[in-house]
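As structure tokens, the structure follows; a few thoughts come after it.
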There are 2 protein chains.
Amino acid sequence: MFTLAEENYLKAIFHLENEFQGEISTNAIAESMETKPSSVTDMIQKLAEKKLLTYKRYKGVQLTGSGKKVAAGVIRKHRLWEVFLVEKLSFHWDEVHEIAEQLEHIQSEELIIRLDKFLGSPDFDPHGDPIPDKHGVLKRTEKKILSEIDKNQKGVCVGVKESSPEFLQYLDKKKISIGTKIYVLGKEFFDGSMIIQVGSEQFFISHKIAENLYVQTQE
Amino acid sequence: MFTLAEENYLKAIFHLENEFQGEISTNAIAESMETKPSSVTDMIQKLAEKKLLTYKRYKGVQLTGSGKKVAAGVIRKHRLWEVFLVEKLSFHWDEVHEIAEQLEHIQSEELIIRLDKFLGSPDFDPHGDPIPDKHGVLKRTEKKILSEIDKNQKGVCVGVKESSPEFLQYLDKKKISIGTKIYVLGKEFFDGSMIIQVGSEQFFISHKIAENLYVQTQE
DNA sequence: TTATATTTTTAGCCTTGTCTAAAAAAATTA
DNA sequence: TAATTTTTTTAGACAAGGCTAAAAATATAA
């Protein structure tokens, strides 16, 4: 079907389109993939020929319907494998990304159908990110960034924006994971830091932490 | 560590060494990998430089200790994944080879340690082939080819030599799988065909079938 | 608007792994 | 032993995917 490199480009562009809006620049792709802009130009020209994205010189790219579908398929596989690694093989949520990065390229429709069933057709991966369905459709969740929650409000942690091992390990130390209830006890306007309560513990978190945690507010 | 192509060559050579003995010819490798002898020469020169095998021009190759270890590691991964596919995802034994062919190249020590544990540290794959241990050591089993079993003797099917879907499907139709007891009721010297009993059924099998079934005779 | 800076593309080269065609070595046959 | 066939290697080419350096287009500043 598609080469490993092609799949990785499509995935990266898909993520960029969801993060920002409109067309995506060559440089943005290069940066997100840790490669050189000239390599990106080469590849997007190939992907444009295959109608996976539209591309005009100097004007950036935009995924076509089929490009989006391929990308969502890769992301579906990535996230299902992450669920497998955490739920079945007892990996910790900060250890699974690299392995899933490889597993996402295994080619077999049937494998993913069966893996999904085996895992009970999960809707979210261990970081709280939604798993695209078999048609590539992402369930949109009403999640907010913790830093946007007001004083005296509460939310349930539903995901993380950043998923570096360092950050995930910090969250573990503070006993924060998917499903954890967080109360905002105080908020400092000057630097965006917060005092929050998790379980029976109250502690301080910086703006940097608060802006990388997704919560769902309960009505 | 090693590239996909390197791993595949090492694996193919490892299998050839176990099947025949002594040094392995360029042509034999090319045939087993469905590639051209010139490509094989290129690759074995690279592998020789990396000390994964010894090679003298026109004299064939032989895996070194480390070459064998790498190959056994790949085979271990292949067979563990096959067990996973059959036991956990309910694949049929004739459907798993191609997928395992991809999964065997996933790089993660920890993944295999945990997968092995999750599967209950199996010793054999769904075709009855032994799974090398973490040091690359293969349990040798005392298996014979069914065609070598004498009249009025019985054996338990422990594996297959050939594992094409066609052959495995034939075996299914005849209700033969790993663990099935087989009685040799008659044997024709002219063409090597046999009359066997499986469960309550008695039927004829050709020499071609009999020479591709491994059985363990019971004493 | 012109000059400067940034972004993007092009051109050319490299590596991996493959191939075909031709040359060289080894094995076989007469 | 000489001639022929088979096997193996070498030489040269190609595609994928990456890189650097330079050119071209666009954006920004004076």
Side-chain angles (χ1 to χ4, degrees), chain A residues 1-14 16-17 19-63 67 70-71 74 101-102 104-105 107, chain B residues 1-14 16-17 19-63 67 70-71 74 101-102 104-105 107:
Chain A
M1 284 300 268
F2 301 98
T3 67
L4 195 140
E6 286 169 342
E7 289 193 345
N8 282 335
Y9 272 94
L10 292 172
K11 186 182 54 154
I13 295 166
F14 185 91
L16 288 169
E17 283 191 356
E19 220 166 305
F20 314 101
Q21 55 262 57
E23 280 160 348
I24 302 302
S25 76
T26 301
N27 259 8
I29 300 169
E31 199 181 333
S32 88
M33 298 193 66
E34 299 186 312
T35 183
K36 301 291 162 181
S38 56
S39 306
V40 173
T41 301
D42 278 354
M43 181 55 92
I44 60 186
Q45 288 175 348
K46 279 179 215 164
L47 294 174
E49 268 177 42
K50 297 192 179 181
K51 311 267 185 226
L52 293 164
L53 47 80
T54 58
Y55 159 68
K56 279 191 202 111
R57 271 157 62 259
Y58 296 98
K59 294 291 178 191
V61 301
Q62 201 164 15
L63 291 180
V70 174
V74 175
E101 205 72 10
Q102 298 177 61
E104 72 188 8
H105 300 291
Q107 305 281 7
Chain B
M1 281 302 270
F2 301 98
T3 67
L4 195 142
E6 285 170 342
E7 288 193 346
N8 282 336
Y9 272 94
L10 292 172
K11 186 182 55 157
I13 296 165
F14 185 91
L16 288 169
E17 283 190 355
E19 219 166 304
F20 314 100
Q21 55 262 56
E23 279 158 348
I24 303 301
S25 78
T26 300
N27 259 8
I29 299 169
E31 200 180 331
S32 86
M33 298 193 66
E34 300 184 312
T35 183
K36 302 292 163 180
S38 56
S39 306
V40 174
T41 301
D42 278 353
M43 181 56 93
I44 61 187
Q45 288 175 346
K46 279 178 216 165
L47 294 173
E49 268 178 41
K50 297 193 180 184
K51 311 270 186 224
L52 293 164
L53 47 78
T54 57
Y55 159 70
K56 278 191 203 110
R57 270 154 67 256
Y58 297 99
K59 295 292 178 189
V61 302
Q62 201 166 15
L63 291 179
V70 173
V74 175
E101 206 70 10
Q102 299 178 60
E104 73 189 6
H105 299 292
Q107 306 281 5

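Naming convention: chains lettered A, B, ... in sequence-line order (proteins, then strands); numbering from 1 in each chain. Side chains are part of it too, since the values below use all heavy atoms of this structure and drop only hydrogens, waters and symmetry mates.
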Find the distance [X]:[atom1] to [N]:[atom2] and express it as a whole number of Å.
{"X": "B:Ile44", "N": "C:dG17", "atom1": "CD1", "atom2": "P", "value": "15 Å"}
{"X": "B:Asn8", "N": "C:dT16", "atom1": "CG", "atom2": "P", "value": "17 Å"}
{"X": "B:Gln45", "N": "C:dT18", "atom1": "CD", "atom2": "P", "value": "14 Å"}
{"X": "B:Lys59", "N": "C:dA25", "atom1": "NZ", "atom2": "P", "value": "13 Å"}
{"X": "B:Phe2", "N": "C:dG17", "atom1": "CZ", "atom2": "P", "value": "12 Å"}

Please report the interatomic distance CD(A:Gln107) to CZ(A:Phe2), rounded to the nearest 0.5 Å.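 Answer rounded to 0.5 Å: 9.0 Å.
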
Please determine whether a side-chain nitrogen or oxygen atom of A:Asn27 lies at a distance below 4.0 Å from atom OP1 or OP2 of C:dT6. no

Look at the side-chain N and O atoms of B:Thr26 and state whether any lies under 4.0 Å from the OP1 or OP2 oxygen of D:dT9.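 For D:dT9, OP1/OP2 do have a side-chain N/O of B:Thr26 under 4.0 Å.
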
Got B:Glu17 and B:Ile13 here, is their nearest side-chain heavy-atom distance under 4.5 Å? yes

Are any of the side-chain heavy atoms of A:Lys11 and A:Met33 separated by less than 4.5 Å? no

Please report, to 0.1 Å, the donor-acceptor pairs under 3.5 Å made by any side chain of residues 40-63 of chain B, with sequence neighbours excluded.
unit_1  : atom_1 : unit_2  : atom_2 : d
B:Thr41 : OG1    : B:Pro37 : O      : 3.1
B:Gln45 : NE2    : B:Tyr55 : OH     : 3.4
B:Lys50 : NZ     : B:Glu6  : OE2    : 2.7
B:Thr54 : OG1    : B:Gln62 : O      : 3.3

What pairs with A:Gln102 under side-chain hydrogen bond (donor to acceptor under 3.5 Å, both in side chains), at least two apart in sequence or on another chain?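 A:Gln102: no side-chain hydrogen bond (donor to acceptor under 3.5 Å, both in side chains) contacts found.
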
What do you reckon, is CD of B:Glu31 surrounded by more than 12 foreign heavy atoms closer than 6.0 Å?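 Counting other residues, nucleotides and ligands, CD of B:Glu31 stays at 12 neighbours or fewer.
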
Summarise protein proximity over nucleotides 13-25 of chain D in one line of letters, 5' to 3': B for base, S for sugar-phosphate only, - for none, counting protein heavy atoms closer than 4.0 Å. ----SSBB---BS

